[in-house]
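Reminder, nothing fancy here: chain letters follow the sequence lines and each chain counts from 1.
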Protein chains: 2
Amino acid sequence: MATLGDLERTVMDLLWATTESTTANELRDAIAEVPAPETGRELAVTTVLTVLSRLEKKGLVERERNIRPHRYRSVTSREDHTAELMHEVLVTAPDRDAVLARFIGSVSEAEAQTLRTLLGGS
Amino acid sequence: MATLGDLERTVMDLLWATTESTTANELRDAIAEVPAPETGRELAVTTVLTVLSRLEKKGLVERERNIRPHRYRSVTSREDHTAELMHEVLVTAPDRDAVLARFIGSVSEAEAQTLRTLLGGS
DNA sequence: CACACGGTTCTACTTGATGTAGAAGTCTCG
DNA sequence: CGAGACTTCTACATCAAGTAGAACCGTGTG
């Protein structure tokens with residue numbers, strides 16, 4: 001499975017936030033703004049580049065190598081990725097029906113309603 | 001989140017497989033039988049003990065300390081744990097409805113049917 | 001055409017999680 | 001009380017992830 005670290009997640013969150021592709025430098029700046037200025041520190045671009053390469057290796061990010069400042073974008077939408085993760089978790093269990101029962105019990109009524117609609121009749 | 005390593009998962013799988021509590025020695029033997037004899041190697045009991053302690057720290061396992069060969073058991077059922085994980089994943093996304101839509105699209109028809117039943121009418 | 005400069009890749013170190021287990025400490029029964 | 005079973009401490013290896021300097025590359029300008 002693709003488990004992400006803090007910085008990796010931050011980067012993915014930023015990439016997921018736009019449909020546009022981004023450059024490493026733009027990301028470095030964006031990260032500095034994130035609601036966790038902590039040490040108010042700014043990362044080195046190479047750090048961002050390393051993370052992007054790792055995310056690319058994990059298949060979460062793709063880049064345009066033909067143009068110079070390479071441009072990065074997420075391969076899947078955040079929703080797709082999250083749904084995929086959920087499914088991966090589900091299939092680890094032998095008794096999926098039992099898992100689903102408990103899962104349903106944990107979602108809000110609003111979400112349950114959404115599910116009813118999605119599942120349609122029959 | 002509680003991400004498990006290979007050995008930790010093996011141990012949890014064994015604990016989840018029985019309602020009974022188990023001892024470290026029993027687990028060591030059981031692990032040796034697992035469908036991945038690999039090197040056919042047998043772990044040291046201390047190794048199992050270490051893993052159990054870590055799982056206890058993670059809140060996945062509890063033990064009876066009063067009796068001598070401490071007896072270990074899983075705190076939650078495998079189904080509860082899996083459903084919990086799924087929920088944790090779900091709530092990381094801002095747009096949960098969108099995630100649910102994609103998730104529903106990824107489950108089998110049989111599972112969809114199970115969900116319909118679980119969600120009942122209305 | 002050479003080079004300066006922005007950008008990318010390589011290499012490397014640090015930390016934390018996990019696998020693995022010996023050494024040492026602690027019960028318990030006989 | 002002592003031996004043996006059991007547990008805890010300590011320790012090391014490996015791997016993922018954060019972090020970044022050093023080295024390498026490509027392109028536009030003089």
Side-chain angles (χ1 to χ4, degrees), chain A residues 1-15 21-32 34 36-74 81 85 88 92, chain B residues 1-15 21-32 34 36-73 85 88 92:
Chain A
M1 197 197 307
T3 178
L4 303 181
D6 291 332
L7 182 52
E8 291 179 327
R9 171 153 297 282
T10 300
V11 170
M12 285 313 296
D13 280 346
L14 288 169
L15 290 179
S21 59
T22 320
T23 67
N25 269 300
E26 288 168 357
L27 278 171
R28 180 191 27 54
D29 296 342
I31 292 171
V34 161
E38 298 293 317
T39 48
R41 180 180 45 84
E42 189 141 327
L43 295 176
V45 197
T46 51
T47 299
V48 179
L49 265 300
T50 300
V51 169
L52 284 169
S53 291
R54 287 174 181 166
L55 288 171
E56 187 186 26
K57 193 174 307 174
K58 289 183 184 180
L60 292 178
V61 162
E62 69 186 354
R63 77 170 95 184
E64 297 175 60
R65 288 193 137 86
N66 41 314
I67 56 184
R68 238 335 142 134
H70 293 182
R71 301 195 71 79
Y72 304 78
R73 71 173 68 260
S74 59
H81 179 253
L85 271 190
E88 274 178 39
T92 63
Chain B
M1 199 196 306
T3 177
L4 302 181
D6 290 332
L7 182 52
E8 290 178 328
R9 172 153 297 281
T10 300
V11 170
M12 284 314 296
D13 281 346
L14 289 170
L15 290 180
S21 58
T22 322
T23 68
N25 269 302
E26 288 167 358
L27 277 170
R28 179 189 31 51
D29 296 341
I31 293 171
V34 160
E38 299 293 316
T39 49
R41 180 181 43 86
E42 188 141 328
L43 296 177
V45 198
T46 52
T47 299
V48 180
L49 265 300
T50 300
V51 169
L52 283 169
S53 291
R54 288 175 181 167
L55 288 171
E56 188 186 27
K57 192 174 309 176
K58 289 183 184 182
L60 293 178
V61 163
E62 68 185 355
R63 77 170 96 185
E64 297 175 59
R65 288 192 137 87
N66 42 314
I67 56 184
R68 232 348 149 117
H70 292 183
R71 301 195 71 81
Y72 303 80
R73 71 173 68 259
L85 270 190
E88 274 178 38
T92 62

task = With a 4.0 angstrom cut-off to heavy atoms of chain B, pull out the first and last contacting nucleotide of DNA chain C, in 5'-to-3' order.
result = C/dT18 to C/dT28
Value rounded to 0.5 Å, distance of OH in B/Tyr72 from CG in B/Leu60 = 14.5 Å
request  = Nearest whole angstrom, please: distance from the C1' of D/dA17 to the CG of A/Leu43.
outcome  = 13 Å
message = So, OP1 or OP2 of D/dA16: does either fall under 4.0 Å of a side-chain N or O from A/Lys58?
response = no
ask   = Between A/Arg28 and A/Thr47, is a side-chain hydrogen bond (donor to acceptor under 3.5 Å, both in side chains) present by the stated rule, with each step listed?
value = CA-CA 9 Å; A/Arg28 180 191 27 54; A/Thr47 299; over 6 Å; no
Closest non-hydrogen atom pair between B/Glu64 and B/Ile67, with its separation = OE1-CD1, 3.7 Å
note = Between the CZ atom in A/Arg54 and the CG atom in A/Leu4, the distance rounded to the nearest 0.5 Å is 12.5 Å
message = Both B/Ala24 and A/Val51 contact DNA chain D. Taking the nearest nucleotide for each, which residue is further toward the 5' end?
response = B/Ala24
query = With B/Ser21, which residues qualify under side-chain hydrogen bond (donor to acceptor under 3.5 Å, both in side chains), at least two apart?
reply = B/Arg71
query = In whole angstroms, how far is the C1' atom of D/dG18 from the CD atom of A/Glu42?
reply = 16 Å
key: Pair B/Arg63 + B/Glu56, salt bridge at N-O below 4.0 Å   = yes
inquiry  = In whole Å, I'd like the distance from the CD1 atom of A/Ile31 to the C1' atom of D/dG18.
reply    = 11 Å
message = Is there a side-chain contact between A/Thr46 and the phosphate of D/dG21, meaning an N or O under 4.0 Å from OP1 or OP2?
response = no
request  = Enter the distance from A/Leu49:CG to A/Leu43:CG here, rounded to the nearest 0.5 Å.
outcome  = 11.5 Å
key: Selection: residues 5-13 of chain B, any non-hydrogen atom under 4.0 Å of DNA chain D   = none
note = In numerical order, the residues of residues 60-70 of chain A whose heavy atoms come under 4.0 Å of DNA chain C are A/Arg63, A/Arg65, A/Arg68, A/Pro69, A/His70
inquiry  = Can you list everything that forms a ring pair (Phe, Tyr, Trp, His ring centres under 6.0 Å) with A/His81? Sequence neighbours excluded, please.
reply    = A/Trp16
message = I want to confirm an ordering. Mapping B/Arg54 and A/Ala44 to their closest nucleotides on DNA chain D, which one lands closer to the 5' end?
response = B/Arg54
message = Under the rule for side-chain hydrogen bond (donor to acceptor under 3.5 Å, both in side chains), what residues qualify as partners of B/Asp29, not counting sequence neighbours?
response = none
task = Pick base, sugar-phosphate or nothing for B/Lys57, based on heavy-atom distances below 4.0 Å to the nucleic acid.
result = nothing
query = Could you give the CZ-to-P distance, from A/Arg28 to D/dG21, as a whole number of Å?
reply = 13 Å
key: From OG1 (B/Thr46) to CG (B/Leu52), nearest 0.5 Å   = 11.5 Å
query = Has the side chain of A/Thr50 got a donor or acceptor atom sitting under 3.5 Å from an opposite partner on the base of D/dA20?
reply = yes
key: Minimum-distance pair of heavy atoms, taken over all atoms of B/Arg65 and B/His70   = O-NE2, 3.5 Å
